[in-house]
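Sending over a structure as C-alpha cells; questions will come in a sec.
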Amino acid sequence: MVRVRIAPSPSGNLHIGTARTALFNYLFAKKTGGEFVLRIEDTDLERTSQEYVKNIFDSLKALGLNWDEGPDIGGPYGPYSQSERFNLYPEFAKKLLLSGFAYECWCTPEELEAEKELATQNKQAYVYSRKCIGAPRGEGAPAIRFNVSKTQKAFHESSMLTFNDMVKGELTQDTDLIGDFVIMKSNGTPTYNFAVVVDDMLMKISHIIRGEDHISNTFKQILIYEALGEALSAPEFVELYGPPQPLPQFGHLGMILAPDRSKLSKRHGATAVSDFVEHGYLTEALVNFVALLGWSPSDGQEIKSVDEIAADFRISEVSSSNSIFEYDKLNWMNSQYIKKMGIETLKAALRPYLAKYDLNELTDAQYTRLVEITREPLTVLSDITSDAAYFFGAGVELEPEAKDALNGEVLAEFAKQAADWDFDEEALHEKLDGFRAYFKEQGVKPKDTMWALRAAITGRTRGADICAVMAILGKEKVLARVEKAKSQAAL
RNA sequence: GCUCCCAUCGUCUAGAGGCCUAGGACAACACCCUUUCACGGUGUAGACAGGGAUUCGAAUUCCCUUGGGAGUACCA
C-alpha cells in the first residue's frame, strides 16, 4: 500500500513551495491509489501557532489537496500532530541506547562551539568528536546522540551510503563525514530527524517525496531506520505497532527559486498560498501552474485539473533541477481560468474586490452584465477593483489622456441627441452607429468619436464595451457625466 | 571551507546516441481583427554554459572547468 505524507511545520502560513511538495505527494497517491497523510510538525513550540495550523488546513483544502488522514479527521495511525506524540520518542531512543546505536552526551554548548571553531580553523568539515562515547556521567541532563559509524558498519560494508532516489537516481554520501548527531535534546524533546523517522515508521509511510534540501537528512534518516528496524522487530513492538515496514522510497524535488535565483521569500512578494488567493489568484490556476514547475504533460496540453494531472503523473519524470517562479505564466494561466469560470461563480468571486463600492447601486442583472463585459482583461480578480471603478458613484475623475480625448462638439451633439434615446444596450448600439457615421461625415474618425464619449463617461481611454457601460449607468448618470466633461473640453 | 545536488530559448519545459537545420507554452516583437483596452488569429526573434573523451555519429554517455542551488544546529 502506497502511503505518502506532507509534514508542514506551522511556523508560518502554507508556503507555495510546501504546497508544491504537497501536490506532488497528492498526485503520486492518486496515481497509485495510495493514501495521503497530513502530519503537523509542531515540535518547536516556540514558533508554532494555531493560526498557522488553520492556514495550512485552509490552504491545502482550497487547493483541492484533501488528505485521507490528519490531525482534524484522525486515522488509524494517529495522533497526527507531533506535539501529541512526545511520549513516543523517548522509548525508541531508549531502544537505540540499549542496542548501542545511540549514546548519551554531556557536552556543553561551549565545548561543542570550540570543536566547531577548531574544525573551521583547520578547514575541515566539522564532525562531532564523539568524546562522550563511554565517558562517565556528566552534569545535568544529557542529550542523546546517534552513533553513525556503528550503525553504518552494522548494515553496510563500507562507509559509503547509497540509495536510489525516485527522481534523482543513485545518491551517495560518505557517512564518515556525517558526525554523530543529536536525536534527543537534553530537554527531552526529539530533534527533527529522529521524530520524522519514528513518525514515518509508525505511520507506515512508504514513499517520501520532499524538497532536495532534505537530501542530507535522508542519509541520517536511513541510518535511523536501519538502527530502529531491529528494535521494531521485538515482539512487544510488533504487538503495538505491527510488523516493521521496509525502508521507504525517497524522491527529492528541485527547489522553487525566486527570479533572482535565491530562495523565494517575503521580499519577493507573495510566498504563502493565502497571499496569492488574496491577490486574486484562483487556486485551480495556482495548483496547475505549480505542477508545471518540474513536471510536464505528455500530451502538451498544459491547462489541466489536478485529476487530469494525477492520471498523467509519473514521479520518475519529474525534473530534478530547480525552477524559477515567474509570474508571467501564472498570470496568463489565471486569466485563462477566469475566462472559463461560470458567471455566477465569477460574480461571487469578484464581490470581495468590489467591497469599496456600493453594489446596491446595481440590480443583479446589471451586475451580471458588468461582470460579463469587464472579465475579459482580468489577470487577477483584484484587477476588477480599478477596472470597474467608473460604474460606481456619481461622477468620475478624468485621467490626463482622457482629457486629451474629449471633443466638445461630439459631446454637445451627444447630449442633445441622447436626451431622447432609450438607454437599452441594443438600442444604444444602433444609435451610436448612426452617431459615428454622422461625425465621420464631419471629418471625425469613428475611433475618436467613441473615444470622446468613453473619456467623458468613464474618465478613461480604455475599458469595456461603451454601449454596455452606458446601459448599466443609465441615461441620467451618462448625461450628467457628459455635461460635466463638456465644460472641461471647452477649457 | 567541506559535502551533496543541478545545468536546453528571458522563464517553465520536450528531448533517454542518429527522428534535432532542437519541439511546445508563457513573456517579447510584428501584422490581422476591432468603437478603446483586452480577447482571438497569423507570423518573427530566441537555447543545448565551456573544454576534453567515447562513438561512424552526442543536447543525449564519461571526465574536467565554470556557474547556480542546498546542507553543514540540542531549527524544522
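Atom set for the values below is all heavy atoms of this structure, side chains included, hydrogens, waters and symmetry mates excluded. Predicted, not measured: the structure shown is a model, and the values here were computed from it.
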| task | Round to a whole Å and report the spacing from CG of Asp299(A) to P of G24(B). | result |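 In whole Å, G24(B) P and Asp299(A) CG are 16 Å from each other.
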
Q) To the nearest angstrom, how far is Met160(A) atom CE from U3(B) atom C1'? A)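 About 10 Å, once rounded to whole Å.
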
So, is Arg261(A) close to the U11(B) phosphate, meaning a side-chain N or O under 4.0 Å from OP1 or OP2?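 The answer is yes; a side-chain N or O of Arg261(A) sits under 4.0 Å from OP1 or OP2.
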
Checklist entry - Asp448(A) has an atom CG; how far is it from atom P of U34(B), in whole Å? => result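 After rounding, the gap between these two atoms is 17 Å.
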
* Asked: Should Lys185(A) be listed as having a side-chain N or O under 4.0 Å from OP1 or OP2 of C75(B)?
  ->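 Yes, such a contact exists.
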
Testing C4(B), A76(B), C26(B) for proximity to the side chain of Thr43(A), the answer is A76(B)

Next item on the list: For Thr461(A), answer base if it contacts any base atom (sugar-phosphate contacts may also be present), sugar-phosphate if it contacts only those atoms, and nothing otherwise; contact means non-hydrogen atoms under 4.0 Å.
Entry: base

query: Mind checking the C1' distance from U3(B) to A45(B)? Whole angstroms is fine.
result: 43 Å

CZ (Phe194(A)) and CD (Gln221(A)) are apart, to the nearest 0.5 Å, by 11.5 Å

Query raised in the report: Is Ser186(A) side chain donor-acceptor paired with the C74(B) base, going by distance under 3.5 Å alone?
Result: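 Side chain to base: pair found, below 3.5 Å.
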
Distance check needed: U3(B) P versus Leu161(A) CG, whole Å only.
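One finds 17 Å between P of U3(B) and CG of Leu161(A), rounded.
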
Describe the nucleic acid contact of Gly463(A) in one word from base, sugar-phosphate, nothing, applying a heavy-atom distance below 4.0 Å. base

Which nucleotide wins on minimum distance to the side chain of Glu302(A), given the candidates A7(B), U36(B), G24(B)?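 Selected nucleotide: G24(B).
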
With a 4.5 Å limit on heavy-atom distance, are the side chains of Phe289(A) and Arg20(A) in contact?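 Answer no - side chains too far apart.
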
### Message
Here's one to test your reading of the geometry: is the NZ or CZ of Arg460(A) within 45 degrees of the ring axis of Tyr390(A) and under 6.0 Å from its centre?
### Response
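No - Arg460(A) does not lie over the ring of Tyr390(A) by the 6.0 Å and 45° rule.
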
| Length of the line joining Lys304(A):NZ and A25(B):P, which is rounded to integer Å |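 Computing the Lys304(A):NZ to A25(B):P distance gives 14 Å.
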
- Task: Name the nucleic acid region contacted by Gln173(A), choosing base, sugar-phosphate or nothing; use a 4.0 angstrom heavy-atom cut-off, strictly under.
- Result: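 Gln173(A): backbone/sugar contact only, no base atoms under 4.0 Å.
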
Report task. Would you check, one step at a time, whether the test side chain to side chain donor-acceptor pair (under 3.5 Å) holds for Thr379(A) with Asn334(A)? Result -> CA-CA 6 Å; Thr379(A) 59; Asn334(A) 203 57; over 6 Å; no

Given the P atoms of U61(B) and C26(B), what is the spacing between them in whole Å? 29 Å

When rounded to whole Å, the CD to C1' distance for the pair Glu399(A) and U36(B) reads 12 Å

Rounded to whole Å, please give me the gap between CG in Leu253(A) and P in C6(B).
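Going from CG in Leu253(A) over to P in C6(B) covers 13 Å.
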
Exercise for review: Assign Lys445(A) to base, sugar-phosphate, or nothing according to its heavy-atom contacts below 4.0 angstrom with the strands shown.
Suggested key: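 The residue Lys445(A) makes no contact with any strand.
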
- Query: Within 45° of the six-membered ring axis of Phe439(A) and under 6.0 Å from that ring's centre, is NZ or CZ of Arg436(A) located there?
  - Reply: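 So Arg436(A) doesn't make the cation-pi contact.
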
- request: Describe the nucleic acid contact of Glu376(A) in one word from base, sugar-phosphate, nothing, applying a heavy-atom distance below 4.0 Å.
  value: base

Q) Within 45° of the six-membered ring axis of Phe181(A) and under 6.0 Å from that ring's centre, is NZ or CZ of Lys220(A) located there? A) yes

Practice prompt. Compare side-chain N and O positions of Arg145(A) against OP1 and OP2 of C74(B) and report whether any pair is under 4.0 Å apart.
Written response: yes

Against the side chain of His429(A), the closest entry in U35(B), C74(B), G24(B) is U35(B)

Worksheet item: Base, sugar-phosphate, or nothing: which does Ile178(A) touch, judged by heavy atoms less than 4.0 Å apart?
Response: nothing

Below the 4.0 Å mark, does A25(B) have OP1 or OP2 next to a side-chain nitrogen or oxygen of Ser296(A)?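 For A25(B), OP1/OP2 do not have a side-chain N/O of Ser296(A) under 4.0 Å.
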
Checklist entry - For the side chain of Lys339(A), counting heavy atoms from C-beta on, which of C26(B), G40(B), A73(B) is nearest? => result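 Looking only at side-chain atoms, Lys339(A) lies closest to G40(B).
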
Of the listed A76(B), C4(B), U36(B), the closest approach to the Arg454(A) side chain comes from U36(B)

Discussion item. Under 4.0 Å, heavy atoms only, any strand: does Leu292(A) hit a base, just the sugar-phosphate, or nothing?
Written reply: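 Sugar-phosphate contact only - Leu292(A) comes under 4.0 Å of backbone atoms but never of a base.
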
Base, sugar-phosphate or nothing for Asn217(A)? Non-hydrogen atoms, less than 4.0 Å. base

Which part of the nucleic acid does Gln336(A) contact within heavy-atom distance under 4.0 Å: base, sugar-phosphate only, or nothing?
sugar-phosphate

* **Proximal nucleotide (of U36(B), C39(B), G1(B)) relative to the Ala125(A) side chain** =>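 It is G1(B).
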
Check your understanding: How is Ser11(A) classified with respect to the nucleic acid when contacts are heavy atoms under 4.0 Å: base, sugar-phosphate, or nothing?
Key -> nothing

Check your understanding: If pairing requires Watson-Crick or G-U wobble contacts with both distances under 3.5 Å, which nucleotide is the partner of U3(B)?
Key ->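 U3(B) is paired, partner A70(B).
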
Pro8(A) side chain near Ile40(A) side chain, heavy-atom distance below 4.5 Å: yes

Tell me what Asp174(A) touches on the nucleic acid: a base, only sugar-phosphate, or nothing, going by heavy atoms under 4.0 Å.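 Contact class for Asp174(A): none.
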
Among Asn193(A), Leu171(A), Thr175(A), exactly one meets side chain to side chain contact (heavy atoms under 4.5 Å, CB included) together with Phe219(A). Which residue is that?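 Going through Asn193(A), Leu171(A), Thr175(A) one by one, the side chain to side chain contact (heavy atoms under 4.5 Å, CB included) with Phe219(A) is satisfied by Leu171(A) alone.
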
Rounded to whole Å, CD of Glu110(A) lies from C1' of C74(B) at a distance of 13 Å

Winner on side-chain proximity to Ala143(A), out of U35(B), C74(B), G71(B), is C74(B)

**Message:** By the 4.0 Å heavy-atom rule, please label Gly211(A) as base, sugar-phosphate, or nothing.
**Reply:**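 Touches nothing.
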
